[in-house]
Protein chains: 2
Amino acid sequence: MKTEIRSHCPISYTLDLLGDKWSLLILRDILFKSKNSYQDFLDSEERIATNILASRLKKLVEQDFLIKKRNPNNKKQFFYFAAPKAIELIPALTEFIIWGAKFDQHTAVPKDFLLKMETDKLQFVEHTQAQQKSLLNSNDSYSD
Amino acid sequence: MKTEIRSHCPISYTLDLLGDKWSLLILRDILFKSKNSYQDFLDSEERIATNILASRLKKLVEQDFLIKKRNPNNKKQFFYFAAPKAIELIPALTEFIIWGAKFDQHTAVPKDFLLKMETDKLQFVEHTQAQQKSLLNSNDSYSD
DNA sequence: AACCTTTACTTGTTTTTTGCAAGTAAAAAC
DNA sequence: GTTTTTACTTGCAAAAAACAAGTAAAGGTT
């Protein structure tokens, strides 16, 4: 899978890597919902197709957004962890959360949660990033 | 054009509205590059096709991201202005700029500009938003 | 040891979206 | 009155996504 880069405008570049229907939703599952396996992603309510999921995971690993590791307790299962390139997307995705919650009349985000998130935005971002970094480090020893 | 909403997760919702290959690039042109007309958008280096541009502009107007107005000095030309729903995307797009500039080895963004943007992020965001709001207001009197 | 389940995919086909080339139509300029 | 500008539309080809089904290996169950 080759990703065509339309230009070196930073917004365009980001969209070329991640601006399809599913890549950012997989990253959302990992970064904000503690999901890590193929089956976890399949179970998400947006219902990604198996072939699309497989091809997106492959691309995200190839492009260093995700790191794929065997579950040491179950040789047939793999876990996907956020690499630094993905962890650095947390500020942008946080702004998407704020925007989406503000303009979706039927948003799943509770009002008080949103309010807290907006006032303590930096804290929320840094806390989420620290969480992902420690997850990544704690599994450093695993193979694959 | 009907937009299917996959879920009311705010990230998913945002992507359902804007997560195609071109919508956010049109908004970038308006929000960050002072572009406002059909011809301006066609001239962008990413080379959108005319039919796609027309259909995206229609959708963005229908969904209240953009306001379409006649050029009062040239009856055949239209201008597209960012509505509040688009102006509120500036924080998210700013994070995309920062991310894209950081991870694209060949980014068009100069290092010192990026550094200034990161340290004075809030100021950059608010300045860009204020600019767009005044543009919108100053054209309030135009018809269409 | 044989069978069933879990897990992570792949394959083949249909549908939807995008891309490309050309054409239209009305206002404006010359 | 002819050409140019501006904003599109149309028709067809190519690419991407969606859907349904199948594969294959590891693990668990009897």
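Per chain, numbering begins at 1; letters A, B, ... match sequence-line order. Basis for what follows: all heavy atoms, side chains included, without hydrogens, waters or symmetry-related copies.
- In this view, A:Asp120 and A:Lys116 satisfy the side chain to side chain donor-acceptor pair (under 3.5 Å) rule, not counting sequence neighbours.
- Looking at A:Ile5 and B:Asp104, their side chains never come closer than 4.5 Å, going by heavy atoms from C-beta outward.
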Shorter than 3.5 Å, N or O on both sides, protein versus nucleotides 5-7 of chain C: list them out with atom names.
residue, atom, partner, partner atom, Å
C:dT6, O2, A:Lys76, NZ, 2.9

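- Legend: salt bridge (Lys or Arg N to Asp or Glu O under 4.0 Å) pairs involving residues 37-48 of chain B, not counting sequence neighbours, sorted by first then second residue: B:Arg28-B:Glu46.
- Chain A approaches DNA chain D over the interval D:dA17 to D:dG27, counting the first and last nucleotide 5' to 3' with an atom under 4.0 Å from its heavy atoms.
- Not counting sequence neighbours, the partners of B:Ala83 by the side chain to side chain contact (heavy atoms under 4.5 Å, CB included) test are B:Ile67.
- B:Tyr80 comes within contact range of the sugar-phosphate backbone alone, with a heavy-atom separation under 4.0 Å but no base atom that close.
- Applying the side chain to side chain contact (heavy atoms under 4.5 Å, CB included) criterion to A:Ala49, with sequence neighbours excluded, gives A:Asn51, A:Ile52.
- Listed by first and then second residue, the salt bridge (Lys or Arg N to Asp or Glu O under 4.0 Å) pairs that reach into residues 49-65 of chain A are A:Asp20-A:Arg56, A:Asp20-A:Lys59, A:Lys58-A:Glu62, sequence neighbours excluded.
- Contacts of B:Ala101 classified as side chain to side chain contact (heavy atoms under 4.5 Å, CB included), with partners at least two apart in sequence or in another chain: A:Pro10, B:Thr107, B:Val109, B:Leu114.
- A perpendicular orientation is assigned to the rings of B:His8 and A:His106, their planes being inclined by more than 60° (bins at 30° and 60°).
- Evaluation of the side-chain hydrogen bond (donor to acceptor under 3.5 Å, both in side chains) test over residues 123-135 of chain A, restricted to residues two or more places apart or in two chains, returns none.
- Minimum interatomic distance between A:Tyr38 and A:Leu53 (heavy atoms only, all atoms of both residues): O-CD2, 3.6 Å.
- Less than 4.0 Å separates DNA chain C from no heavy atom of any residue of residues 7-29 of chain A.
- Contact check of residues 47-65 of chain A against DNA chain D (heavy atom, cut-off under 4.0 Å) returns A:Thr50, A:Asn51, A:Ile52, A:Arg56.
- In this structure, B:Phe96 has its ring center under 6.0 Å from that of A:Phe96.
- The salt bridge (Lys or Arg N to Asp or Glu O under 4.0 Å) contacts involving residues 78-93 of chain B comprise A:Lys102-B:Glu88, where partners must be two or more places apart or lie in separate chains.
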